[in-house]
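What follows is a set of notes on a single structure, which appears directly below.
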Amino acid sequence: MNLYAIRAIYKFEMARTFRTLMQSIASPVLSTSLYFIVFGTAIGSRMGNIDGISYGAFIIPGLVMLSLLSESISNASFGIFFPKFSGTIYEVLSAPVSSMEIVIGYVGAAATKSVTLGLLILLTAQLFVDYHIQHPVWMLAFLILTAITFSLFGFIIGIWADDFQKLQVIPLMVITPLTFLGGAFYSISMLPEPWQTLTLFNPVVYLISGFRWAFYGVADVNVAVSLGMTMVFLLICLTVVWWIFRTGYRIRT
Amino acid sequence: MPSIIRVSGLTKTYASGFTALQNIDLDIHRGEIFALLGPNGAGKTTLISIICGISSPSQGSVLADGFDIVRDYRAARSKIGLVPQELCSDAFENVWSAVNFSRGLFGKPSNPEYIEKLLRQLSLWDKKDAQMRELSGGMKRRVMIAKALSHEPDILFLDEPTAGVDVELRKDMWEMVRQLQKQGVTIILTTHYIEEAEEMADRIGVIRKGKILLVEEKQALMDKLGSKQLSIRLQEPVSEIPEALAEFSLQLDTDGDTLSYRYDSRQESDSIARLLRKLTEQGLEIRDLHSSESSLEQIFVSLVHEKEQ
Ligand SMILES: Nc1ncnc2c1ncn2[C@@H]1O[C@H](COP(=O)(O)OP(=O)(O)OP(=O)(O)O)[C@@H](O)[C@H]1O
Ligand SMILES: [Mg+2]
């Protein structure tokens, strides 16, 4: 195991984060805070409770997930896309590092960053909304698992993309709609049929539901199912990454 | 002579279907400076990319210091440093962390003293905190060299190291290459220029269209290729070369007004003076004189010719 290499990649990626602190941390925290102010404090006070939870508190897990997903994907995809784009990837390819070490370095850094961001958003939420976390350990577990899974997903997108547009298209066209429709702002039991059943095909539902369970002990779907689904996504992403490196797809000419 | 790199039967066909290397066999000796000489698109970068692990071989194998570059890639790659042809860098990273990053990537524990020495050697020490985007092209190239040397490799590849480099830096660079050779590093460089290969290399390999045409000791190759051509334009065209000039084996062009004379610039001789004298004696007036080295392309043509015969 080339630990020095993992550390070098990880450090490089984290340094990139700190260079762009405003864009990578401050702006997601700020935009999520706006949601808390608008939906939690302003409109939320006029809304009824959902599952016995005030609306402001209800939307917190979903909003954190929203940022977590989009930031994990964009960090990881950019992290590997950019060296490919600028040509600096030659160095990683010519170094004595295994594919697993490359993935640990890039994906580890992206996941670290989005977990930090998620926690920061939770802290910020305290300023606007009164909430309490019932299962903090599970909350962290879901946070970390989701961050890793979607950083892997982002890594795959970054390798697949050969221009900036492709880099943006999946997060914008797929992930954002799925998150908004995945029960971030409502409980899926509030939906009429057939939407209630159709929603179950949206993978993000399971992520948000499980995460919300860790906060308040209530969930749209059984928490074991949520955990299982998260693991399935993780496995799928790992398999794809493994395949990419085995075949050299879009990395080695 | 022990080989540090052994390329056997290497073929590379790109995804596009284009075959850039055809059945290459090449041995690089330990401790030598080897120049790979060839025109644009010959396959120099492709060959280097495969040895360094950036590109995958389609067929054949490469051993670096005895390690197979695919099966034992860790051992093989940790011996090798590469300065690529294209300058590329993360614009916002500073020199110091860029070079330390490379060392880490190659699995070496950090060693600030060594990196400092390296940067001083390359006159980059005062730039160590500068971001890459603030550097000139030549400085960037030096940073790329520092990155390639950061893990103390035994083998160094320089892919067209003098592209975009001024005379001063070129001299420094050659000085450094010789220094590295003294320390036991084997150096493989690519170039378009025969003079450059001549100045630096112990041995020269000529590559064209994905095939190695020949590999020779520099001296042997230079003796073969070191011919020059003198073109003599006459005031009045002639129909044939006068008998008296037969010893020079001149050639007359179709217009009948230009004579060409091939000679070896290395051998001190008075043949040109004699030729000119004889021309005057024959009453041929000279309008213009022009001498030229054999161009790389001419050399290739003559090499290919020679091979076919
Ligand atoms: N990724 C690629 N896909 C398809 N063809 C390629 C690829 N890279 C290089 N080639 C082709 O392979 C041939 C050899 O290219 P290579 O870069 O090895 O040449 P070179 O000798 O380094 O040339 P130069 O002196 O211009 O750097 C060229 O014809 C080039 O077009
Ligand atoms: Mg080249």
Side-chain angles (χ1 to χ4, degrees), chain A residues 1-24 78-106 108-109 158-160 162 243-253, chain B residues 12-16 18 20 45-46 48-58 64 67 69-70 72-94 97-98 100-110 131-132 144 147-148 150-151 153 157 159:
Chain A
M1 195 83 161
N2 185 347
L3 290 176
Y4 290 112
I6 297 178
R7 205 180 60 181
I9 295 175
Y10 187 87
K11 254 178 71 179
F12 175 87
E13 281 298 294
M14 293 312 277
R16 194 167 61 81
T17 305
F18 285 110
R19 277 202 304 264
T20 53
L21 208 57
M22 277 309 281
Q23 180 213 336
S24 53
F78 195 77
I80 189 72
F81 174 81
F82 198 72
K84 247 180 29 158
F85 175 74
S86 68
T88 52
I89 189 94
Y90 86 87
E91 205 173 13
V92 177
L93 294 179
S94 65
V97 290
S98 68
S99 15
M100 197 170 70
E101 289 151 6
I102 297 177
V103 170
I104 295 176
Y106 280 106
I159 286 188
W160 164 76
D162 44 20
W243 174 84
I244 285 174
F245 277 105
R246 209 186 55 119
T247 59
Y249 172 77
R250 294 212 175 174
I251 305 184
R252 286 204 160 82
T253 49
Chain B
K12 173 67 184 179
T13 305
Y14 280 110
S16 61
F18 180 80
T45 301
T46 303
I48 290 183
S49 299
I50 292 175
I51 299 176
C52 295
I54 295 163
S55 208
S56 347
S58 306
F67 298 105
I69 54 147
V70 177
D72 287 325
Y73 70 92
R74 264 191 218 275
R77 290 184 199 166
S78 55
K79 308 269 177 197
I80 299 177
L82 164 68
V83 183
Q85 181 173 3
E86 304 287 335
L87 288 175
C88 56
S89 57
D90 187 306
F92 297 97
E93 208 187 13
N94 72 42
S97 36
N100 277 285
F101 169 78
S102 305
R103 187 174 169 92
L105 205 55
F106 278 77
K108 286 277 174 89
S110 79
Q131 289 186 344
M132 294 298 286
M144 309 281 286
K147 281 164 84 70
S150 65
H151 63 283
F157 283 93
D159 198 352

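All chains are named by letter (A, B, ...) in the order of the sequence lines, taking the proteins before the strands, and each is independently numbered beginning at 1.
- Of the possible polar contacts, none joining the A:Asn2 side chain to the B:Phe106 backbone as a donor-acceptor pair under 3.5 Å is found.
- Contacts between residues 89-98 of chain A and chain B, counted as heavy-atom pairs separated by less than 4.5 Å, involve A:Tyr90, A:Glu91, A:Val92, A:Leu93, A:Ser94, A:Ala95, A:Pro96, A:Val97, A:Ser98.
- For chain A, the option among B:Ala91, B:Ser49, B:Cys52 with the highest count of heavy-atom pairs below 4.5 Å is B:Cys52.
- Looking at B:Ser97, neither its backbone nor its side chain comes within 4.5 Å of chain A, counting heavy atoms on both sides.
- Ranked by heavy-atom pairs under 4.5 Å with chain A, the list B:Arg103, B:Glu86, B:Lys147 is led by B:Lys147.
- Closest heavy-atom contact between B:Pro109 and A:Tyr4: CB-OH, 3.3 Å.
- In this structure, the portion of B:Tyr14 lying under 4.5 Å from any heavy atom of chain A is its side chain and not its backbone.
- Listed options B:Gly81, B:Ala76, B:Pro84, B:Ser78 were ranked by heavy-atom pairs under 4.5 angstrom with chain A; first place goes to B:Pro84.
- Few gaps surround CE on A:Met1; more than 12 heavy atoms of other groups in view lie less than 6.0 Å from it.
- Within the structure, salt bridge (Lys or Arg N to Asp or Glu O under 4.0 Å) contacts touching residues 7-24 of chain A (residues at least two apart or in different chains) are A:Glu13-A:Arg16, A:Arg19-B:Asp90.
- Interface remark: B:Lys12 contributes side-chain atoms only to the contact with chain A (heavy atom separation under 4.5 Å).
- Take B:Thr13 and apply the side chain to side chain donor-acceptor pair (under 3.5 Å) test, not counting sequence neighbours, and it matches B:Thr19.
- Here the straight-line distance linking atom CG of B:Leu105 with atom CD1 of A:Ile6 works out to 11.0 Å at 0.5 Å rounding.
- Partners of B:Phe101 under the ring pair (Phe, Tyr, Trp, His ring centres under 6.0 Å) rule, at least two apart in sequence or in another chain, are A:Phe12.
- For the pair A:Ser86 and B:Cys88, the tightest heavy-atom approach, listed with the atom from each and the gap, is O-CB, 3.2 Å.
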